[in-house]
2 protein chains.
Amino acid sequence: MAIDRAKGVALRAKGLADEVYDVLFKKLLLLEIPAGSRITVDNLVRELGVSQTPIREALGRLEGEGLVVKAHFVGYSAAPQISRQKFGELYELRLLLEPFSARQAALNMTSETLSSLRRIELEMSELGNNKRQARYSSFARLDAAFHDEMLAVAGNELIRETLAHLHTHFHIFRLIFRSNVTEDAINEHAAILSAFDNKDGDAAEIAMQVHIARSRERLLQAFQE
Amino acid sequence: MAIDRAKGVALRAKGLADEVYDVLFKKLLLLEIPAGSRITVDNLVRELGVSQTPIREALGRLEGEGLVVKAHFVGYSAAPQISRQKFGELYELRLLLEPFSARQAALNMTSETLSSLRRIELEMSELGNNKRQARYSSFARLDAAFHDEMLAVAGNELIRETLAHLHTHFHIFRLIFRSNVTEDAINEHAAILSAFDNKDGDAAEIAMQVHIARSRERLLQAFQE
DNA sequence: ATTAAGTTTATCGTATAGGATATAGGATAT
DNA sequence: ATATCCTATATCCTATACGATAAACTTAAT
């Protein structure tokens, strides 16, 4: 896990702070650092083998992105678990942005992106045989890729960045409640893909709306268990 | 301008990094640091009288929020000026979020918020006599307050935060092109206020849509000058 | 037994020194 | 005259030492 300084130039070109950032980001996404738990600078110094400065800089960036919070003279912690209130707000926002983006994507769709989306879809459908843990983790990654690729084609980078940012929190939430949400989503994605194939903006918008609304219903059960 | 360490406890309770953050944020918003210009750590050390660590931490946070960018072994710079492309994307996003929020705000409107919005509106209309520079600066602040107050009542904090974040970049843009956009906006705000007063969601949504679309047209001229 | 005060420890916050790199300017060779 | 190489400087990047604070633990008194 330690960062190998012997890599020399290639590593230093990016800067240690960037490396530390990537490591911490990944740990947060994989829940190796549980939501709400403390993150001490000294521990990271020992664990990663770098000095405090790049670690503080990386934590500062994560703080700016809302993934960690800081209390004066207490230190950093991973951001707390998403609340039910926040969950509802997140889906309201997705419903405003993604159906619109799906429409745009349908109108701008290229054959390259379409085949790329089909490949993602194929990979998803082949996950059924894997173990539950591995399956869910892969599914989450592929689902993120599907939506992100669509947003790239839709053409509004600001919307794409905004949702990518929110997706991080969303992802952490989903990982905690390992709901079995894989199979249904595949059918819904197929409907979206079909609309993309026909360059049918109306159909794409509606299909995406259905997809997100149903996703919300599926995950909402996690709060009631 | 220097941070007074003699303030002692009160200052330290917030942490120097937070103080530095506030100072830099304000400088960026007031364009005391022009878009794209270099921000050197050493200069800030001398100017603010604090060590490098809190400055780096503050810069890291600003980087996470997209207000500054960093190049390895080169240093930090203020984020570059918004492009025409980005400008279009920003308004597309606003048109997706703010009319919807205006509808929600109309349905949830309270008498307290309504009178608060009216007070903002009154202040705006009284700015006409001031000097152009002071007038514009005050107008921008009041316009931001108007939209933010509406978003607070609308109820979705995530949308509010998202737009507040974007508003920073938007504000910097407007400040550079000191377009004379004050008078028209006042009339458009009045239409929104009227819909709020009647708790008329449809009217509020449409009025906000018109307001943002016209605002876009007014500012778009800045790119063509 | 419980509470409160004092002490200890872990951690953050700050400062300074030294090494590494990129950029700019000048000198030299063609 | 131009292009290339070299040198110098400003700046970032890293490491370490020291001070300040808050939380945890222990001890003693009621």
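Chain A is the first sequence line, chain B the second, and so forth, proteins listed ahead of strands; every chain is numbered from 1.
In this structure, the CG atom of B:N43 is 10 Å from the C1' atom of D:dT11, given to the nearest Å. Regarding B:Y76, its OH atom lies at a distance of 9 Å from the P atom of D:dC12, rounded to whole Å. The interatomic distance linking B:R46 (CZ) with C:dA15 (C1') rounds to 16 Å, in whole Å. Taking atom NZ on A:K70 and atom P on C:dC12, their separation rounds to 10 Å, with Å as the unit. Atom pair A:L48:CG and D:dC13:P shows a separation of 18 Å (rounding to whole Å applied). Regarding B:L44, its CG atom lies at a distance of 15 Å from the P atom of C:dT14, rounded to whole Å.
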Enumerate, atom names and distances included, each donor-acceptor pair closer than 3.5 Å involving a side-chain atom of residues 49-60 of chain B, sequence neighbours excluded.
from: B:Q52; atom 1: NE2; to: B:D42; atom 2: OD1; distance (Å): 3.4
from: B:E57; atom 1: OE2; to: A:K70; atom 2: NZ; distance (Å): 2.4
from: B:E57; atom 1: OE2; to: A:Y76; atom 2: OH; distance (Å): 2.6

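Under the 4.0 Å criterion applied to side-chain N and carboxylate O atoms, B:D18 and B:R61 are assigned as salt-bridge partners.
Applying the ring pair (Phe, Tyr, Trp, His ring centres under 6.0 Å) test to every pair with at least one member in residues 143-162 of chain B, sequence neighbours left out, gives these pairs: B:F146-B:H189, B:H147-B:H189, B:H147-B:H211.
If you run side chain to side chain contact (heavy atoms under 4.5 Å, CB included) between B:L44 and each of B:V23, B:L24, B:V20, only B:L24 comes through.
Near DNA chain C, defined here as any heavy-atom distance below 4.0 Å, the residues from residues 51-62 of chain B are B:S51, B:T53, B:P54, listed numerically.
Side-chain atoms of B:D42 lie closest to D:dC12 of the nucleotides C:dT14, D:dC12, C:dT23. You'll find that the side chain of B:F73 is closest to D:dC13, out of D:dT11, C:dC12, D:dC13.
Regarding contacts with the backbone of C:dT21, every side-chain N or O of B:H72 stays at 4.0 angstrom or more from both OP1 and OP2.
Cation-pi geometry between B:R94 and B:Y91 is met: the NZ or CZ atom falls under 6.0 Å from the ring centre, inside 45° of the normal.
A donor-acceptor contact closer than 3.5 angstrom is absent between the side chains of A:E149 and A:T113.
Not counting sequence neighbours, the partners of A:E65 by the side chain to side chain donor-acceptor pair (under 3.5 Å) test are A:Y21. The side chain to side chain donor-acceptor pair (under 3.5 Å) check on B:N108 picks up nothing, with sequence neighbours excluded.
Counting only Watson-Crick and G-U wobble pairs whose two distances sit under 3.5 Å, DNA chain C takes part in these stems of three or more pairs: C:1-30 with D:1-30.
Contact of the A:L158 side chain with the B:K86 side chain is registered, since non-hydrogen atoms from C-beta on lie closer than 4.5 Å.
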